[in-house]
Amino acid sequence: MKIAILSRNPRLYSTRRLVEAATQRGHEARVIDVLRCYMNIASHRPSIHLKGEELGRYDAVIPRIGASVTFYGTAVLRQFEMLDTYTLNESVAITRARDKLRSLQLLSRKGIGLPMTGFAHAPDDIQDLIKMLGGAPLVIKLLEGTQGIGVVLTETQQAAESVIEAFMGLKANILAQEYIREAGGADIRCFVIGDKVVASMKRQAKPGEFRSNLHRGGSASLIRITPEERSTAVRAAGILGLNVAGVDILRSNHGPVVMEVNSSPGLEGIEVATSKDIAGLMIQFIERNASLGRRRTRGQG
Ligand code: ADP
Ligand code: MG
């Protein structure tokens with residue numbers, strides 16, 4: 001198969017591993033920088049161009065679209081979908097997952113366990129919002145943050161109020177969430193492919209930090225997840241329409257709660273922690289599904 005990997009940087013671990021796994025399994029892989037793609041969208045014959053060349057046909061595309069380029073990246077991916085190229089994760093599903101509020105609303109509707117979460121727009125409503133969530137401590141998050149940036153723990157009512165006020169003053173969209181203290185600065189990353197959790201790891205925040213992101217100095221270790229955590233992760237990915245997802249779960253007093261679902265989960269942490277060939281499993285999933293034309297939306301979202 002001809003596989004396009006949409007990534008801005010061919011040197012990234014995840015990108016390199018996907019190229020390696022595809023090549024090893026006899027496919028032709030090419031890394032394409034989405035920001036250098038341009039398109040004729042209104043033509044009766046849709047096309048994608050890159051540096052003066054019209055891209056030929058690809059059998060499958062693996063989107064690895066960074067959070068900072070979601071808007072343009074998903075537009076390029078939609079164009080591949082219009083060309084009837086199989087995509088490992090579809091553009092609509094990526095768009096859903098990138099918006100924390102939208103994805104939590106979708107998960108909530110299907111009864112997935114979540115930390116108590118609220119949002120508001122007007123500064124006048126802040127005090128009541130905090131009361132509604134049971135008071136401090138609260139975690140305040142930017143709706144489109146990633147890698148732990150824009151996630152703040154406020155231990156007191158006053159701190160919560162001023163952080164929310166400050167974000168609102170900057171016109172940033174935020175949500176406020178119950179702080180799951182009992183998780184002890186740890187969360188569980190479940191790597192889902194299709195309807196299976198193919199690998200999982202525990203991420204522990206460094207001392208003095210509550211965010212377990214590996215980018216924030218967290219450390220990864222092996223963990224056995226419960227059947228409930230396993231099915232929660234698979235269901236969460238399915239509800240958002242993602243074939244590949246990193247579902248992050250906190251162990252709370254009221255059972256597993258989903259904190260977020262990542263549409264481009266990194267491979268380095270999970271492959272190193274588990275010694276599993278996750279990139280290979282992603283390519284195998286494409287082999288099983290691309291030719292069958294198993295598309296969820298055909299870019300119609
Ligand atoms: P990002 O998209 O930036 O990774 P997350 O929502 O995953 O944002 O939050 C980053 C980290 O902060 C999580 O991995 C977790 O360790 C911690 N965290 C986030 N929300 C909560 C919460 N409600 N309770 C306890 N810890 C949390
Ligand atoms: Mg996260």
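Numbering of ligands and ligand atoms starts at 1, following listing order.
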Review point. Stepwise, does the side chain to side chain donor-acceptor pair (under 3.5 Å) test hold for E178 with H254?
Key: CA-CA 12 Å; E178 151 197 25; H254 45 99; 3.2 Å; yes
Exercise for review: Ignoring hydrogens and angles, state whether a donor on the side chain of T74 or S91 is under 3.5 Å from an acceptor on the partner side chain.
Suggested key: no
Review point. Given that the side chain starts at C-beta and the backbone is N, CA, C, O, which of these parts of M259 lies under 4.0 Å from ligand 1, counting heavy atoms, or is it both or neither?
Key: side chain
Study note, to complete from the structure: Going by the 4.0 angstrom heavy-atom rule, the piece of L153 near ligand 1 is neither
Exercise for review: Give the residue, atom name and distance (to 0.1 Å) of the protein heavy atom nearest atom 14 (O) of ligand 1.
Suggested key: S212 OG, 3.1 Å
Practice item. Using distance alone, with no hydrogens and no angle criterion, decide if Q157 and E161 have a side-chain donor and acceptor under 3.5 Å apart. Key: yes
Practice item. Check K100 against ligand 1 and report side chain, backbone, both or neither, counting heavy atoms closer than 4.0 Å. Key: side chain
Check your understanding: Who's the nearest protein heavy-atom neighbour of atom 23 (N) of ligand 1, and how far?
Key -> E178 O, 2.9 Å
Review point. Can you find a heavy atom in the side chain of F191 that is under 4.5 Å from one in the side chain of L281?
Key: no
Review point. Got the closest protein heavy atom to atom 7 (O) of ligand 1, with its distance?
Key: E260 OE2, 2.7 Å
Study note, to complete from the structure: With heavy atoms and a 4.0 Å threshold, my read on which part of D187 contacts ligand 1 is side chain
Check your understanding: Does a donor on one side chain sit under 3.5 Å from an acceptor on the other, for D187 and S212?
Key -> yes
Practice item. Please report which non-hydrogen protein atom sits nearest to atom 17 (C) of ligand 1, along with the residue it belongs to and the distance in Å to one decimal place. Key: F210 O, 3.7 Å
Review point. Between CD1 of I32 and OG of S7, what distance do you get to the nearest 0.5 Å?
Key: 10.5 Å
Practice item. Could you label the plane-to-plane angle of the H49 and Y38 rings as parallel, tilted or perpendicular, counting under 30° as parallel and over 60° as perpendicular? Key: parallel
Check your understanding: Any side-chain heavy atom of I164 within less than 4.5 Å of one from I130?
Key -> yes
Study note, to complete from the structure: atom 6 (O) of ligand 1 has as its nearest protein heavy atom K141 NZ, 2.7 Å
Review point. Should I270 and P265 count as side-chain neighbours, where that means a heavy-atom distance under 4.5 Å?
Key: no
Check your understanding: Got more than 12 heavy atoms from elsewhere within 6.0 Å of NZ, K196?
Key -> no
Review point. Does D248 put an N, O or S atom under 2.8 Å from the Mg ion (ligand 2)?
Key: no
Check your understanding: Do any nitrogen or oxygen atoms of N213 come within less than 3.5 Å of a nitrogen or oxygen of ligand 1?
Key -> yes
Review point. Looking only at protein heavy atoms, which one is nearest to atom 9 (O) of ligand 1, and how far off is it?
Key: V151 CG2, 3.8 Å
Exercise for review: Could you tell me whether some N/O pair between R211 and ligand 1 is separated by less than 3.5 angstrom?
Suggested key: no
**Study point:** Sub-4.0 Å heavy-atom contact, R216 with ligand 1
**Key:** no
Practice item. Specify which N/O/S atom of E260 comes nearest to the Mg ion (ligand 2), by atom name. Key: OE2
Revision key, fill the gap. Note: ligand 1 atoms sitting under 4.0 Å from heavy atoms of G148 are 1 (P), 3 (O), 4 (O)
Exercise for review: Let me see the working for T117 and Q177 under side chain to side chain donor-acceptor pair (under 3.5 Å), right down to the final yes or no.
Suggested key: CA-CA 4 Å; T117 305; Q177 202 164 62; 3.0 Å; yes
Check your understanding: Which residue and non-hydrogen atom of the protein lie closest to atom 24 (N) of ligand 1, and at what distance in Å?
Key -> I180 N, 2.9 Å
